[in-house]
Amino acid sequence: MPACLTKEMITSLVSRCTIAASEAARYLPLISDQRRLLSAKKGVYREEVTQYDKELEKKILCHLLLPDDGYLAEETGYRCGTSGIKWIVDPIDGTLNFARRLPAYVISIAAEVGGNVVAGAIYDPTHQDVFTAGLGMGARCNGYEIKSSNIFELSDAIISTGFSIRPEIRRKQAEIIARILTEVRDIRSCGSAALELCWLAAGKVDAYYEHDLRYWDYAAGALIASEAGADIRVQGDFVIGAAPAISPKFNHHLKI
Ligand code: 2AM
Ligand code: CA
């Protein structure tokens, strides 16, 4: 924990993340299925973005920011602040799911102080679940403490992963899947890195890995999973997390 930060300060940052995510989510039921789909635009790599990513982000920043705060937000970009707090915002993680009416997308907000993520909240509108964590203070879902799984055998483990939009990375990902599929209980892929990290935190899946992520995809989720007891590593754009007892074997299979 950065020396200048008290528990009270971290708790207050967690609350600010939670309130901004929950307030922005109140707007989601107003968006019809048809409007979601029609608003989807494709970028260079055919990745989806909707006008609602941008509208939600505006609402989040409006609830979140004090005048001197910095931020890194997926749709708006970067602002260097002077308050010492930088907010990391993904207004919709799982945009393709959101546009296609698949129930796996979340709002993800983290607070960084002194280069460390110290607070985070992820809101899952489908289940009305809010996952939160403060550095050194554990992880919660709807206020109740959550823990990563205590599984021991990789052969019993459900592994969650996602796929890059870039073909050259997908080829590498296909090789990894081929290597581990026979070693584990099963594999899942829901299309939202932040949600998959919450599943790891809550012990719903036992490990998670993904290449080619952006900071806003995993900033809050990595803290939540780590505070829930998962072993988390970030190497550039690659994020890997596992229940502690299977982590060494899992890393070995991934050739980390
Ligand atoms: P997004 O929905 O915010 O774009 C899917 O495997 C995960 O990868 C999602 O969390 C998705 O976030 C993320 N991702 C990162 N970069 C992406 C890109 N260029 N296109 C689509 N998804 C991307
Ligand atoms: Ca997004």
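For ligands, and for the atoms within them, numbers begin at 1 and follow the listed sequence.
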**Study point:** Derivation of the salt bridge (Lys or Arg N to Asp or Glu O under 4.0 Å) call for Arg214 and Asp212
**Key:** CA-CA 7 Å; Arg214 307 288 174 269; Asp212 202 21; 3.3 Å; yes
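Evaluated by nearest non-hydrogen atom to atom 10 (O) of ligand 1, the leading choice among Asp93, Asp217, Val106 is Asp93. For the residues Glu210, Gln173, His211, the heavy atom positioned nearest atom 7 (C) of ligand 1 is part of Glu210. Nearest to atom 16 (N) of ligand 1 by heavy-atom distance, out of Leu195, Asp212, Ile92, is Asp212. Among Gly191, Gly162, Ala99, Ser108, the residue whose heavy atom sits closest to atom 9 (C) of ligand 1 is Gly191.
In this structure, Glu74 counts as a contact residue of ligand 1, since one of its heavy atoms falls inside 4.0 Å of the ligand.
Minimum heavy-atom separation, His211 to Ile169: CB-CG2, 4.1 Å.
A cation-pi arrangement is present between Lys59 and Tyr27 under the rule of less than 6.0 angstrom and at most 45 degrees off the ring axis.
Salt bridge status for Asp129 with Arg140: absent, with no side-chain N to carboxylate O gap under 4.0 Å.
When only interatomic distances are considered, the shortest N/O to N/O separation between Asp90 and ligand 1 falls below 3.5 Å. By the 3.5 Å distance cut-off applied to N or O atoms, Gly94 is counted among the residues near ligand 1.
With Tyr208 as the partner, the side chain to side chain contact (heavy atoms under 4.5 Å, CB included) test is satisfied by one option alone out of Ile232, Val239, Ile158: Val239.
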